[in-house]
Amino acid sequence: MNVFRHFRDQIAAVLAALAEAGVLPADSDFGRVTCEPPRDAAHGDMATNAALVLAKAAGTKPRDLAGKIAEGLRALDSVAAVEVAGPGFINIRVADRFWQDRVADILAAGPAYGDADFGQGEPVNVEFTSANPTGLLHIAHARGTVFGDALAALLEKAGYAVTREYYVNDWGGQVDILAESLLKRMRQLQGEAVPEAEFEGLYPGREVIDAAEAALKLPPGERPDPMSGSDENRARAGEFAVGYMMDRIRHDLAALGVRHDVFTSERSLVEAGAVDAAFADLEGRGLIYTGILEPPKGKLPDDWEERPQSLFRATRFGDATDRPLKKSNGDWTYFATDIAYHQDKAKRGANRLIDVWGADHQGYIPRMTAAVDAVTRGTATLDVKVIQLVRLIRDGTVVKMSKRAGNVVTVRDVVDEVGKDVVRFVMLTRRNDAPLDFDFARVTEQSKDNPVFYVQYAHARSHSVFRQTKDVLPDIDTGHASLVNAKFGTLTNEGELSLIKKLTMWPRVIESAAETHEPHRIAYYLYDIAADFHAHWNRGRDEPELRFVRPDDLPLTLARLALVKAVATVIASGLVLFGVAPAEEMR
RNA sequence: GGCCCCGUAGCUCAGCAGGAUAGAGCACAGGAUUCCUAAUCCUGGUGUCGCAGGUUCGAGUCCUGCCGGGGUCGCCA
């Protein structure tokens with residue numbers, strides 16, 4: 001149950017009655033009426049703007065109308081008090097009994113608590129990672145990967161049918177360069193002295209050497225020939241190297257706990273004629289023409305020359321300029337194949353497309369959304385989520401990385417060092433469009449300053465309470481049925497009630513995070529719950545009567561254990577969404 | 001020059017898709033801690049929400065224009 005939605009419905013019923021009575025116009029629109037937690041808890045549990053929104057249409061002052069609505073709300077059993085405040089807000093104080101009963105809801109729903117259905121089974125395609133198969137995943141890819149995976153999980157929880165997808169850029173010039181890098185390394189491994197200068201402009205990573213070693217172990221018939229410069233041989237080398245890199249990338253993704261449902265190959269799209277088809281489709285609709293682009297203002301590229309080229313009319317769909325589809329050598333531009341790719345995703349059934357991109361591709365967004373609009377005839381929408389940079393901090397200083405020098409920190413390095421759970425949680429503690437610092441010392445610290453630890457510890461502590469219970473009260477039945485039927489009316493302490501209220505926010509948090517595509521909200525919420533739980537636990541130090549386990553009062557103990565279980569349920573549910581394994585013990 | 005993102009407390013950042021007196025952590029200050037259930041706890045915030053207009057009953061939030069930082073701008077992906 002989403003408690004705010006529940007009370008919004010109650011408010012709507014009161015408003016309908018007022019409309020019936022002629023206080024409100026019969027055709028009143030309640031669409032703008034909200035029911036939200038007030039910022040200041042002192043104002044009550046819920047607040048509605050109903051009177052403010054409807055006063056004008058009713059021809060009365062907001063406060064007068066508020067008084068009438070308040071009257072209707074007071075009649076509800078679940079409402080303890082109602083008051084009109086400020087310009088006409090209506091503050092509702094919900095009855096303790098209502099809150100207490102929610103604990104049973106949470107336990108009954110279990111891990112499904114917070115599931116929403118507004119996705120209605122609608123297909124959504126989330127494309128993320130999509131790192132080029134010319135090297136390993138490095139740390140910048142980790143953030144986009146974790147974000148995409150968590151967003152996908154979040155959308156699933158909200159009721160969408162989600163496909164997790166990886167676009168493999170295994171076509172074009174970069175594969176040729178990779179092939180050349182591989183062949184050169186093979187020659188080097190065979191003992192030939194290859195001058196360092198020859199590797200200029202090629203892929204420098206250690207993994208290319210690994211790939212070369214693997215290539216040399218192939219049976220002669222399948223092995224690329226290091227000495228041959230033929231196109232066929234180069235193609236074979238490229239194919240092998242791409243396959244090798246993708247194997248390792250998949251391996252590293254698995255180490256991060258990520259599994260994509262679909263890997264789509266750019267090459268296969270080109271070879272199947274999908275790009276030709278998309279081009280012909282747009283051309284047939286008059287959306288492609290041959291023209292000359294204005295040179296970019298500001299800094300002019302050295303080798304700029306005006307030339308006519310095939311342009312997509314992106315300006316018709318809101319982009320600032322039309323965009324080229326073919327390179328001077330006649331090959332498709334990346335944009336052209338990407339159009340076909342997005343069309344392909346839409347054809348496979350998803351009208352909601354989400355792409356997770358690095359910040360350096362931001363400028364590409366308008367043309368891609370324009371293209372999706374054009375190629376799907378407005379039936380599909382593209383939402384691009386931009387991931388800002390990650391800075392690694394070690395010993396208080398930023399870790400410098402240079403792709404050219406080949407000293408990038410890989411996903412594998414970091415996962416091996418701190419564990420995938422830490423990587424995943426930390427990567428989700430910031431908005432995707434804000435830069436993130438990943439401080440090795442901080443993320444592994446065992447203190448309340450470290451959110452990962454703090455949240456995990458709250459979950460572990462809840463399990464600890466049950467372990468303690470078994471020692472003190474070996475005969476107590478803490479099974480599901482026993483807890484669900486506990487006497488929740490005994491949970492009257494303020495700390496207990498505020499904990500319950502916080503737990504009932506979970507469905508609302510899920511909804512807002514899913515709608516805005518912002519998983520970081522979950523992280524903040526989990527931290528919040530953990531803080532409240534720890535704080536309540538600590539109250540038991542000074543006031544032993546507040547402790548969860550009370551050997552002198554079994555009904556109370558059961559109700560409190562039910563609450564602890566509810567806390568564990570919600571925290572675990574959030575962690576699972578993040579792909580983090582909830583800890584039952586801290587070690 | 002065009003476009004995109006960001007600008008909130010000393011620092012790092014939230015701000016619930018417009019709501020009441022803008023929050024958290026760190027840092028800093030004061031206090032508690034031979035109590036206990038596992039990794040301390042409590043208290044303390046006078047912020048031009050970059051600036052200026054606009055929309056609205058109401059703007060940190062939406063619109064416009066500036067300022068500052070970052071990214072990007074045909075034949076890379």
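What you see below is based on every heavy atom in this structure, not just the backbone, and it leaves out hydrogens, waters and symmetry mates. Within every chain, numbering begins at 1; the chains are lettered A, B, ... in the order of the sequence lines, protein sequences first and strands thereafter. These numbers were taken from a predicted model, which means no experiment stands behind them.
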Categorize A:Tyr524 for me: base, sugar-phosphate, or nothing, with a 4.0 angstrom heavy-atom threshold over every strand shown.
sugar-phosphate
Determine the minimum heavy-atom distance between A:Pro507 and A:Tyr113, stating which atoms define it.
CD-OH, 3.5 Å
How would RNA chain B look in dot-bracket form, 5' to 3', counting Watson-Crick and G-U wobble pairs with both distances under 3.5 Å and writing | for bases paired to another strand?
(((((((..((((.....[...)))).(((((.......))))).....(((((..]....))))))))))))....
State, to 0.1 Å, how close A:Gly201 and A:Ile177 come at their nearest heavy-atom pair, and which atoms those are.
O-CG2, 3.7 Å
Nucleotide N/O to protein N/O under 3.5 Å, stretch nucleotides 9-12 of chain B:
unit_1	atom_1	unit_2	atom_2	d
B:rU12	O2'	A:Arg430	NH2	3.0

For A:Asn91, which contact category applies under a 4.0 Å heavy-atom criterion: base, sugar-phosphate, or nothing?
base
Which comes earlier along RNA chain B counting from the 5' end, the contact point of A:Gly363 or that of A:Phe548, where each point is its nearest nucleotide?
A:Phe548
Just the rounded figure in Å: distance from P of B:rG74 to OH of A:Tyr364.
12 Å
Please classify the nucleic acid contact of A:Ala47 as base, sugar-phosphate, or nothing, using heavy-atom distances under 4.0 Å.
base
Of the options B:rC36, B:rG15, B:rC3, whose atoms approach the side-chain atoms of A:Pro366 most closely?
B:rC3
Mind checking if A:Val465 touches a base, just sugar-phosphate, or nothing, with heavy atoms under 4.0 Å?
base
Counting only distance, no hydrogens or angles, is the base of B:rA24 paired donor-acceptor with the side chain of A:Asp528 under 3.5 Å?
no
Give a yes or no on whether a donor-acceptor pair under 3.5 Å exists between the nucleobase atoms of B:rC16, that is its base, and the side chain of A:Ser512.
no
Considering every strand and a 4.0 Å limit on heavy-atom distances, what is the contact class for A:Ala460: base, sugar-phosphate, or nothing?
base
Base, sugar-phosphate, or nothing: which does A:Ala359 touch, judged by heavy atoms less than 4.0 Å apart?
sugar-phosphate
What residues, two or more places apart in sequence or in another chain, satisfy ring pair (Phe, Tyr, Trp, His ring centres under 6.0 Å) together with A:His342?
none
Rounded to the Å, how far apart are A:Gln362 CD and B:rG70 C1'?
9 Å
What closest approach, in Å, do A:Val94 and A:Met46 show between heavy atoms, and which atom pair accounts for it?
CG2-CG, 4.0 Å
A:Gln174 near the nucleic acid: base, sugar-phosphate alone, or nothing, with a heavy-atom cut-off under 4.0 Å?
sugar-phosphate
Cation over ring face, A:Lys345 and A:Tyr167, 6.0 Å, 45°
no
Given the ring of A:Phe4, does A:Arg508 sit roughly above its face, with NZ or CZ under 6.0 Å from the centre of the six-membered ring and within 45° of the axis?
yes
By the 4.0 Å heavy-atom rule, please label A:Pro324 as base, sugar-phosphate, or nothing.
sugar-phosphate
Please give, in whole Å, the distance from B:rA77 C1' to A:Glu127 CD?
12 Å
With a cut-off of less than 4.0 Å, is there a side-chain N or O of A:His520 near OP1 or OP2 of B:rG15?
yes
Select base, sugar-phosphate, or nothing to describe what A:Arg539 touches, counting heavy atoms under 4.0 Å on all strands.
nothing
Looking at every strand, decide which applies to A:Arg508 at a 4.0 Å heavy-atom threshold: base, sugar-phosphate, or nothing.
base
Just the rounded figure in Å: distance from P of B:rA77 to CZ of A:Arg267.
13 Å
Does the B:rA38 base have a donor-acceptor partner in the side chain of A:Ser464 within less than 3.5 Å?
yes
Between A:Lys470 and B:rU37, does any side-chain N or O lie under 4.0 Å from OP1 or OP2?
no
Do the side-chain N or O atoms of A:Arg323 get closer than 4.0 angstrom to the phosphate oxygens (OP1, OP2) of B:rC73?
no
Smallest heavy-atom separation, A:Pro38 atom then A:Asp45 atom, equals CD-O, 3.5 Å
Nearest-angstrom distance from the residue atom CD of A:Gln388 to P of B:rG70:
12 Å
Please find the pair of heavy atoms, one from A:Ala314 and one from A:Asp322, that lie closest to each other, and give the distance.
N-OD1, 3.1 Å
Just call it for A:Arg467: base, sugar-phosphate, or nothing, with non-hydrogen atoms closer than 4.0 Å on any strand.
base
Just checking A:Lys56: base, sugar-phosphate only, or nothing, at a heavy-atom cut-off of under 4.0 Å?
sugar-phosphate
What is the distance, to the nearest angstrom, from the CG atom on A:Leu52 to the P atom on B:rU56?
16 Å
Any residue meeting ring pair (Phe, Tyr, Trp, His ring centres under 6.0 Å) with A:His534, in chain and number order, not counting sequence neighbours
A:Tyr454, A:Tyr457
Salt bridge (Lys or Arg N to Asp or Glu O under 4.0 Å) with A:Asp532: which of A:Arg539, A:Lys502, A:Lys501?
A:Lys502
Only counting residues at least two apart or in another chain, list the ones meeting ring pair (Phe, Tyr, Trp, His ring centres under 6.0 Å) with A:Phe89.
none
Would you call A:Arg267 and A:Glu239 a salt bridge, taking side-chain N to carboxylate O under 4.0 Å as the test?
no
Out of A:Asn132, A:Val168, A:Thr337, A:Val175, which residue meets the side chain to side chain contact (heavy atoms under 4.5 Å, CB included) rule with A:Glu266?
A:Thr337
B:rA17 base / A:Glu515 side chain donor-acceptor hit below 3.5 Å:
yes
Could you work out which one of B:rC5, B:rU40, B:rA38 sits closest to the side chain of A:Arg541?
B:rU40
First of A:Ile90 and A:Trp332 reached from the 5' end of RNA chain B, by closest nucleotide
A:Ile90
Using a cut-off of less than 4.0 Å, is there contact between a side-chain N or O of A:Gln468 and OP1 or OP2 of B:rA38?
yes
Taking only the side-chain heavy atoms of A:Tyr527 (C-beta and beyond), determine which of B:rG25, B:rC76, B:rU37 contains the nearest atom.
B:rG25
Please work out if A:Asn49 contacts a base, only the sugar-phosphate, or nothing of the nucleic acid, heavy-atom cut-off 4.0 Å.
base
Contact list for RNA chain B against residues 558-568 of chain A - heavy-atom distance below 4.0 Å
none
Could you pull out the closest heavy-atom pair between A:Ile69 and A:Ala50, with the gap in Å?
CD1-CB, 4.0 Å
Could a donor-acceptor pair under 3.5 angstrom be found where the side chain of A:His361 meets the base of B:rA77?
yes
Six-ring centre of A:Trp332, A:Lys327 cation under 6.0 angstrom, axis tolerance 45°:
no
B:rG15 and B:rU61, which share atom name C1', separated by this distance in whole Å:
9 Å
For B:rG74 and A:Lys326 - does any side-chain N or O of the residue sit under 4.0 Å from the phosphate oxygens OP1/OP2?
no
In whole angstrom, what separates A:Leu436's CG from B:rG25's C1'?
15 Å
Atom CG of A:Leu526 to atom C1' of B:rG25: distance rounded to whole Å?
16 Å
If we require ring centres under 5.5 Å and near-parallel planes under 30°, does A:Phe89 stack on B:rA20?
yes
